[in-house]
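Report on one structure; see the data block that follows.
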Amino acid sequence: MEWLSSILNQLLTLFWVSDKRGILLSIVTIIGLLVIRAVLTRPVKAYVYKRALKQENAANFMTTWKFFWFAIIAIFGVIGLSGSIKTLGISVGFLGMLLGWSLQAPVTGIAAWLMLILKRPFKIGQRVIIAGVTGDVVDITLTHVILNQVGGTVVGEERSGRGILIPNAILFSQTITNYTLDVEYILSEVPVRITFQSDWDEAEQILLNAARKIVTDAIRETGEEPFIRAELFDAGVLMRLRYNTRPAEYAQNINDIVKIIHAEFRKSDKVEFCYPHSEVLYSLKEPPPPITLSENRSSST
(Lines give C-alpha, C1' and ligand atoms only; values in the text may rest on other atoms or scores of the structure.)
Protein backbone atom coordinates (compact mmCIF):
# COMPACT_ATOMS: atom_id res chain seq x y z
CA MET A 1 0.00 0.00 0.00
CA GLU A 2 3.01 2.27 0.09
CA TRP A 3 2.67 3.04 -3.61
CA LEU A 4 -0.95 4.17 -3.10
CA SER A 5 0.09 6.43 -0.23
CA SER A 6 2.85 7.84 -2.39
CA ILE A 7 0.40 8.64 -5.21
CA LEU A 8 -2.00 10.32 -2.77
CA ASN A 9 0.80 12.44 -1.32
CA GLN A 10 1.87 13.48 -4.82
CA LEU A 11 -1.71 14.46 -5.67
CA LEU A 12 -1.95 16.46 -2.45
CA THR A 13 1.27 18.25 -3.31
CA LEU A 14 0.23 18.82 -6.91
CA PHE A 15 -3.14 20.39 -6.07
CA TRP A 16 -2.00 22.06 -2.80
CA VAL A 17 -4.46 20.03 -0.73
CA SER A 18 -3.77 20.51 2.98
CA ASP A 19 -5.61 17.37 4.12
CA LYS A 20 -7.15 14.22 2.80
CA ARG A 21 -10.68 15.68 2.86
CA GLY A 22 -10.20 16.93 -0.70
CA ILE A 23 -9.27 13.47 -1.92
CA LEU A 24 -12.33 12.01 -0.26
CA LEU A 25 -14.63 14.67 -1.73
CA SER A 26 -13.11 14.15 -5.16
CA ILE A 27 -13.61 10.38 -4.98
CA VAL A 28 -17.20 10.75 -3.77
CA THR A 29 -17.91 13.27 -6.57
CA ILE A 30 -16.44 10.99 -9.24
CA ILE A 31 -18.30 7.94 -7.97
CA GLY A 32 -21.55 9.89 -7.78
CA LEU A 33 -21.19 11.17 -11.33
CA LEU A 34 -20.28 7.69 -12.61
CA VAL A 35 -23.41 6.29 -11.00
CA ILE A 36 -25.57 9.04 -12.51
CA ARG A 37 -24.02 8.44 -15.93
CA ALA A 38 -24.57 4.69 -15.70
CA VAL A 39 -28.21 5.16 -14.67
CA LEU A 40 -28.92 7.63 -17.47
CA THR A 41 -26.89 6.08 -20.28
CA ARG A 42 -28.89 2.88 -20.70
CA PRO A 43 -32.37 4.44 -21.19
CA VAL A 44 -30.94 7.32 -23.25
CA LYS A 45 -29.10 4.90 -25.54
CA ALA A 46 -32.16 2.69 -25.97
CA TYR A 47 -34.41 5.66 -26.71
CA VAL A 48 -32.01 7.35 -29.13
CA TYR A 49 -31.35 4.20 -31.15
CA LYS A 50 -35.07 3.48 -31.28
CA ARG A 51 -36.17 6.94 -32.38
CA ALA A 52 -33.22 8.14 -34.47
CA LEU A 53 -33.92 8.34 -38.19
CA LYS A 54 -30.41 7.08 -38.93
CA GLN A 55 -28.27 4.78 -36.79
CA GLU A 56 -25.21 6.85 -37.65
CA ASN A 57 -26.75 9.89 -35.95
CA ALA A 58 -27.54 7.83 -32.87
CA ALA A 59 -23.94 6.60 -32.69
CA ASN A 60 -22.63 10.17 -33.03
CA PHE A 61 -24.93 11.33 -30.26
CA MET A 62 -23.78 8.58 -27.90
CA THR A 63 -20.14 9.47 -28.66
CA THR A 64 -20.90 13.08 -27.78
CA TRP A 65 -22.70 11.90 -24.64
CA LYS A 66 -19.64 9.84 -23.63
CA PHE A 67 -17.15 12.69 -24.06
CA PHE A 68 -19.50 15.12 -22.29
CA TRP A 69 -19.61 12.94 -19.19
CA PHE A 70 -15.87 12.30 -19.34
CA ALA A 71 -15.21 16.05 -19.33
CA ILE A 72 -17.71 16.68 -16.52
CA ILE A 73 -16.28 13.90 -14.33
CA ALA A 74 -12.71 15.05 -14.90
CA ILE A 75 -13.48 18.70 -14.16
CA PHE A 76 -15.48 18.07 -11.01
CA GLY A 77 -13.04 15.45 -9.85
CA VAL A 78 -10.28 18.06 -9.93
CA ILE A 79 -12.47 20.71 -8.31
CA GLY A 80 -13.36 18.27 -5.53
CA LEU A 81 -9.69 18.13 -4.50
CA SER A 82 -10.17 21.55 -2.94
CA GLY A 83 -12.02 19.81 -0.12
CA SER A 84 -14.74 22.47 0.01
CA ILE A 85 -18.32 21.57 -0.81
CA LYS A 86 -19.10 25.28 -1.11
CA THR A 87 -16.39 25.69 -3.74
CA LEU A 88 -17.70 22.64 -5.58
CA GLY A 89 -21.22 24.08 -5.65
CA ILE A 90 -20.02 27.47 -6.86
CA SER A 91 -17.91 25.76 -9.52
CA VAL A 92 -20.91 23.78 -10.72
CA GLY A 93 -22.94 26.96 -11.18
CA PHE A 94 -20.09 28.84 -12.84
CA LEU A 95 -19.25 25.96 -15.18
CA GLY A 96 -22.89 25.57 -16.17
CA MET A 97 -23.12 29.27 -16.98
CA LEU A 98 -19.83 29.16 -18.92
CA LEU A 99 -20.86 26.14 -20.97
CA GLY A 100 -24.29 27.61 -21.63
CA TRP A 101 -22.74 30.80 -22.97
CA SER A 102 -19.80 29.41 -24.94
CA LEU A 103 -21.51 26.31 -26.36
CA GLN A 104 -24.94 27.81 -26.88
CA ALA A 105 -25.23 27.01 -30.60
CA PRO A 106 -23.86 23.42 -30.48
CA VAL A 107 -25.88 22.55 -27.38
CA THR A 108 -29.02 24.08 -28.89
CA GLY A 109 -28.36 22.17 -32.10
CA ILE A 110 -28.15 18.84 -30.30
CA ALA A 111 -31.23 19.73 -28.25
CA ALA A 112 -33.06 20.50 -31.50
CA TRP A 113 -31.98 17.12 -32.89
CA LEU A 114 -33.43 15.47 -29.80
CA MET A 115 -36.62 17.43 -30.38
CA LEU A 116 -36.73 16.16 -33.97
CA ILE A 117 -36.48 12.51 -32.97
CA LEU A 118 -38.95 13.04 -30.12
CA LYS A 119 -41.68 15.04 -31.88
CA ARG A 120 -40.82 14.04 -35.45
CA PRO A 121 -42.25 17.16 -37.11
CA PHE A 122 -40.80 15.83 -40.37
CA LYS A 123 -38.90 12.82 -41.69
CA ILE A 124 -36.30 12.15 -44.37
CA GLY A 125 -37.95 12.37 -47.79
CA GLN A 126 -40.72 14.77 -46.78
CA ARG A 127 -41.07 18.25 -48.28
CA VAL A 128 -40.81 21.08 -45.77
CA ILE A 129 -40.39 24.83 -45.48
CA ILE A 130 -37.85 25.94 -42.85
CA ALA A 131 -36.77 29.56 -42.42
CA GLY A 132 -38.41 30.40 -45.76
CA VAL A 133 -36.51 27.67 -47.64
CA THR A 134 -38.53 24.94 -49.38
CA GLY A 135 -36.93 21.57 -49.93
CA ASP A 136 -37.06 17.80 -49.58
CA VAL A 137 -35.32 16.49 -46.45
CA VAL A 138 -32.23 14.53 -47.48
CA ASP A 139 -30.61 14.00 -44.08
CA ILE A 140 -30.92 15.03 -40.43
CA THR A 141 -27.60 15.20 -38.56
CA LEU A 142 -26.75 16.29 -35.04
CA THR A 143 -26.02 19.81 -36.25
CA HIS A 144 -27.90 20.38 -39.53
CA VAL A 145 -30.97 19.50 -41.55
CA ILE A 146 -29.97 18.98 -45.19
CA LEU A 147 -32.53 19.90 -47.86
CA ASN A 148 -32.67 19.35 -51.61
CA GLN A 149 -34.00 22.78 -52.50
CA VAL A 150 -37.33 23.10 -54.28
CA GLY A 151 -37.51 26.16 -56.51
CA GLY A 152 -34.68 28.62 -56.12
CA THR A 153 -33.24 28.37 -59.62
CA VAL A 154 -36.69 27.74 -61.14
CA VAL A 155 -40.23 28.93 -60.49
CA GLY A 156 -42.53 26.29 -59.08
CA GLU A 157 -42.47 23.13 -57.01
CA GLU A 158 -39.61 21.24 -58.64
CA ARG A 159 -36.24 20.28 -57.16
CA SER A 160 -33.36 22.52 -58.18
CA GLY A 161 -30.68 20.08 -57.02
CA ARG A 162 -29.05 22.61 -54.70
CA GLY A 163 -28.27 21.39 -51.20
CA ILE A 164 -29.31 23.67 -48.34
CA LEU A 165 -27.94 23.16 -44.82
CA ILE A 166 -30.27 24.43 -42.09
CA PRO A 167 -28.61 24.68 -38.63
CA ASN A 168 -30.59 22.73 -36.05
CA ALA A 169 -30.12 25.56 -33.57
CA ILE A 170 -32.63 27.79 -35.41
CA LEU A 171 -35.44 25.20 -35.39
CA PHE A 172 -36.67 26.41 -31.99
CA SER A 173 -37.27 29.92 -33.34
CA GLN A 174 -38.52 29.20 -36.88
CA THR A 175 -41.87 28.11 -38.24
CA ILE A 176 -41.69 24.66 -39.83
CA THR A 177 -44.15 23.74 -42.58
CA ASN A 178 -44.50 20.06 -43.44
CA TYR A 179 -46.30 19.36 -46.73
CA THR A 180 -47.32 15.85 -45.64
CA LEU A 181 -47.33 15.59 -41.84
CA ASP A 182 -50.15 13.04 -41.47
CA VAL A 183 -51.08 12.27 -45.09
CA GLU A 184 -49.11 11.63 -48.26
CA TYR A 185 -51.12 13.96 -50.49
CA ILE A 186 -51.71 17.69 -50.67
CA LEU A 187 -54.44 19.71 -52.38
CA SER A 188 -53.42 21.25 -55.70
CA GLU A 189 -55.27 23.63 -58.04
CA VAL A 190 -55.44 24.51 -61.73
CA PRO A 191 -57.30 27.80 -62.41
CA VAL A 192 -59.06 28.05 -65.80
CA ARG A 193 -60.86 31.17 -67.07
CA ILE A 194 -63.78 30.73 -69.48
CA THR A 195 -66.09 33.23 -71.15
CA PHE A 196 -69.65 33.96 -70.05
CA GLN A 197 -70.91 32.40 -73.28
CA SER A 198 -69.20 29.04 -72.58
CA ASP A 199 -71.21 25.99 -71.57
CA TRP A 200 -70.60 25.60 -67.82
CA ASP A 201 -71.37 21.86 -67.69
CA GLU A 202 -69.16 21.10 -70.68
CA ALA A 203 -66.23 23.03 -69.22
CA GLU A 204 -66.67 21.36 -65.83
CA GLN A 205 -66.61 17.87 -67.33
CA ILE A 206 -63.49 18.63 -69.36
CA LEU A 207 -61.65 19.82 -66.27
CA LEU A 208 -62.74 16.93 -64.05
CA ASN A 209 -61.94 14.29 -66.67
CA ALA A 210 -58.49 15.78 -67.21
CA ALA A 211 -57.72 15.51 -63.50
CA ARG A 212 -59.07 11.96 -63.30
CA LYS A 213 -56.73 10.83 -66.07
CA ILE A 214 -53.64 12.20 -64.34
CA VAL A 215 -54.20 11.60 -60.61
CA THR A 216 -55.79 8.16 -60.77
CA ASP A 217 -53.57 6.80 -57.97
CA ALA A 218 -54.41 9.68 -55.65
CA ILE A 219 -58.14 9.20 -56.22
CA ARG A 220 -57.90 5.48 -55.53
CA GLU A 221 -55.80 5.85 -52.36
CA THR A 222 -57.59 8.84 -50.85
CA GLY A 223 -61.10 8.12 -52.10
CA GLU A 224 -61.52 11.82 -52.93
CA GLU A 225 -62.59 12.90 -56.42
CA PRO A 226 -61.41 16.14 -58.09
CA PHE A 227 -63.87 19.00 -57.71
CA ILE A 228 -64.58 22.50 -59.01
CA ARG A 229 -64.82 25.80 -57.16
CA ALA A 230 -65.94 28.67 -59.40
CA GLU A 231 -66.21 32.43 -59.08
CA LEU A 232 -67.11 35.34 -61.31
CA PHE A 233 -64.72 38.05 -62.44
CA ASP A 234 -65.06 41.02 -64.79
CA ALA A 235 -64.56 39.17 -68.08
CA GLY A 236 -65.93 35.70 -67.38
CA VAL A 237 -65.91 32.74 -65.00
CA LEU A 238 -62.88 31.51 -63.07
CA MET A 239 -63.12 27.75 -62.55
CA ARG A 240 -60.66 26.29 -60.03
CA LEU A 241 -59.98 22.60 -60.58
CA ARG A 242 -58.82 21.06 -57.29
CA TYR A 243 -57.41 17.58 -56.70
CA ASN A 244 -55.01 15.64 -54.48
CA THR A 245 -51.43 15.04 -55.53
CA ARG A 246 -48.07 14.05 -54.11
CA PRO A 247 -45.76 17.04 -53.49
CA ALA A 248 -43.05 15.58 -55.72
CA GLU A 249 -45.55 15.29 -58.62
CA TYR A 250 -47.10 18.72 -58.11
CA ALA A 251 -45.55 20.53 -61.08
CA GLN A 252 -45.72 17.60 -63.51
CA ASN A 253 -49.39 16.97 -62.78
CA ILE A 254 -50.28 20.62 -63.43
CA ASN A 255 -48.44 20.46 -66.76
CA ASP A 256 -50.23 17.26 -67.86
CA ILE A 257 -53.67 18.48 -66.79
CA VAL A 258 -53.28 21.84 -68.54
CA LYS A 259 -52.18 20.04 -71.72
CA ILE A 260 -55.33 17.90 -71.74
CA ILE A 261 -57.61 20.86 -70.99
CA HIS A 262 -56.10 22.92 -73.81
CA ALA A 263 -56.57 20.10 -76.31
CA GLU A 264 -60.18 19.46 -75.25
CA PHE A 265 -61.12 23.15 -75.38
CA ARG A 266 -59.82 23.35 -78.96
CA LYS A 267 -62.05 20.43 -79.95
CA SER A 268 -65.20 21.84 -78.34
CA ASP A 269 -67.46 24.49 -79.86
CA LYS A 270 -69.22 25.08 -76.53
CA VAL A 271 -66.36 26.40 -74.40
CA GLU A 272 -63.56 28.88 -74.93
CA PHE A 273 -60.83 30.43 -72.85
CA CYS A 274 -61.32 33.94 -71.58
CA TYR A 275 -58.40 36.24 -72.31
CA PRO A 276 -57.92 40.03 -72.42
CA HIS A 277 -59.21 41.42 -75.72
CA SER A 278 -61.57 44.04 -77.13
CA GLU A 279 -64.69 43.46 -79.22
CA VAL A 280 -66.90 45.86 -81.19
CA LEU A 281 -70.51 44.66 -81.47
CA TYR A 282 -72.95 45.94 -84.11
CA SER A 283 -76.67 45.31 -83.68
CA LEU A 284 -79.10 45.62 -86.60
CA LYS A 285 -82.19 44.49 -84.75
CA GLU A 286 -83.63 48.03 -84.45
CA PRO A 287 -81.82 50.34 -86.87
CA PRO A 288 -82.46 54.09 -86.45
CA PRO A 289 -85.12 55.65 -88.80
CA PRO A 290 -83.75 57.23 -91.98
CA ILE A 291 -83.27 60.99 -92.03
CA THR A 292 -85.63 62.80 -94.49
CA LEU A 293 -84.49 65.54 -96.80
CA SER A 294 -86.41 68.22 -94.86
CA GLU A 295 -84.85 67.10 -91.58
CA ASN A 296 -81.42 67.20 -93.15
CA ARG A 297 -82.00 70.79 -94.41
CA SER A 298 -83.37 72.00 -91.10
CA SER A 299 -80.45 70.52 -89.20
CA SER A 300 -77.97 72.16 -91.58
CA THR A 301 -79.56 75.63 -91.06
Side-chain angles (χ1 to χ4, degrees), residues 121-122 125-137 147-162 164 174-281:
F122 54 82
Q126 291 184 327
R127 183 162 296 183
V128 298
I129 303 176
I130 304 175
V133 178
T134 305
D136 294 332
V137 180
L147 303 180
N148 183 354
Q149 187 185 31
V150 172
T153 59
V154 296
V155 177
E157 294 282 336
E158 291 186 293
R159 301 186 186 97
S160 67
R162 297 196 302 184
I164 305 294
Q174 294 291 330
T175 300
I176 301 174
T177 301
N178 188 339
Y179 276 54
T180 53
L181 180 60
D182 296 322
V183 293
E184 186 179 356
Y185 295 90
I186 61 173
L187 189 64
S188 183
E189 177 182 276
V190 175
V192 178
R193 292 173 173 82
I194 62 174
T195 61
F196 286 118
Q197 293 77 20
S198 296
D199 187 305
W200 182 298
D201 295 332
E202 179 79 9
E204 187 175 40
Q205 285 304 312
I206 291 175
L207 268 60
L208 294 175
N209 290 336
R212 292 188 182 108
K213 290 180 181 179
I214 302 302
V215 294
T216 305
D217 293 341
I219 296 173
R220 182 177 62 255
E221 294 182 17
T222 63
E224 298 180 5
E225 289 282 340
F227 58 94
I228 301 292
R229 292 290 182 265
E231 58 191 82
L232 299 174
F233 69 106
D234 293 342
V237 178
L238 174 59
M239 307 189 78
R240 300 183 183 273
L241 171 63
R242 293 176 177 170
Y243 55 91
N244 290 306
T245 181
R246 292 186 178 92
E249 300 171 353
Y250 180 91
Q252 185 63 48
N253 285 346
I254 290 179
N255 176 81
D256 295 340
I257 290 173
V258 169
K259 186 176 181 179
I260 294 175
I261 292 174
H262 183 267
E264 293 299 322
F265 270 37
R266 293 188 63 183
K267 296 178 184 178
S268 176
D269 295 330
K270 297 181 179 180
V271 293
E272 60 179 345
F273 290 109
C274 181
Y275 57 91
H277 64 285
S278 299
E279 293 183 357
V280 178
L281 300 179

Closest heavy-atom pair, A251 versus E157, reported as atoms and distance to 0.1 Å, is CB-O, 4.3 Å
In sequence, state the C-alpha distance, the side-chain angles, and the governing distance for V215 and N253, and then conclude on side chain to side chain contact (heavy atoms under 4.5 Å, CB included).
-> CA-CA 8 Å; V215 294; N253 285 346; 3.8 Å; yes
Would a 4.5 Å heavy-atom cut-off, applied to side chains only, mark R242 and I228 as touching?
-> no
Straight-line distance of L241 CG to R229 CZ, nearest 0.5 Å | 11.5 Å
Using the side chain to side chain contact (heavy atoms under 4.5 Å, CB included) rule, take T134 and Y179 through it: C-alpha gap first, then chi angles, then the decisive distance, then the call.
-> CA-CA 10 Å; T134 305; Y179 276 54; 3.7 Å; yes
Is it true that a side-chain atom of N148 and a backbone atom of G161 form a donor plus acceptor pair closer than 3.5 Å?
-> yes
Closest heavy-atom pair and its distance - A210, I261 = CB-CG1, 3.8 Å
Sub-4.5 Å side-chain heavy-atom contact between F196 and L232 = yes
Under a 4.5 Å cut-off applied to non-hydrogen side-chain atoms, are M239 and R193 in contact?
-> no
So OG1 of T245 and CD of Q252: to nearest 0.5 Å the spacing works out to 10.0 Å
Would you give the length of the straight line joining atom SG of C274 to atom CG of L238, rounded to the nearest 0.5 angstrom?
-> 9.5 Å
Donor-acceptor contact below 3.5 Å, side chain N178 vs main chain V128 | no
About how many Å separate NZ of K213 and CG of L208, when rounded to the nearest 0.5 Å?
-> 12.5 Å
Worked verdict on I219 versus E225 for side chain to side chain contact (heavy atoms under 4.5 Å, CB included) | CA-CA 6 Å; I219 296 173; E225 289 282 340; 3.6 Å; yes
Please report the shortest heavy-atom distance between R159 and A248, naming the atom on each side.
-> NH2-CB, 3.9 Å
Testing T180, T177, I130 for side-chain contact (heavy atoms from CB on, under 4.5 Å) with F122, which one passes?
-> I130
With rounding to the nearest 0.5 Å, note down the distance linking CZ in R127 to CG in L147.
-> 11.0 Å
Using the side chain to side chain contact (heavy atoms under 4.5 Å, CB included) rule, take F273 and V192 through it: C-alpha gap first, then chi angles, then the decisive distance, then the call.
-> CA-CA 8 Å; F273 290 109; V192 178; 3.8 Å; yes
Closest non-hydrogen contact found for S160 with G151 is CB-O, 3.0 Å
Does S198 reach the main-chain N or O of E272 with its side chain, forming a donor-acceptor pair under 3.5 Å?
-> yes
side-chain contact (heavy atoms from CB on, under 4.5 Å) with I254: of V258, D256, I257, only one passes, and it is V258
Trace of the side-chain hydrogen bond (donor to acceptor under 3.5 Å, both in side chains) decision for E221 with Y185 = CA-CA 10 Å; E221 294 182 17; Y185 295 90; 2.7 Å; yes
Enter the distance from K267:NZ to I206:CD1 here, rounded to the nearest 0.5 Å.
-> 9.5 Å
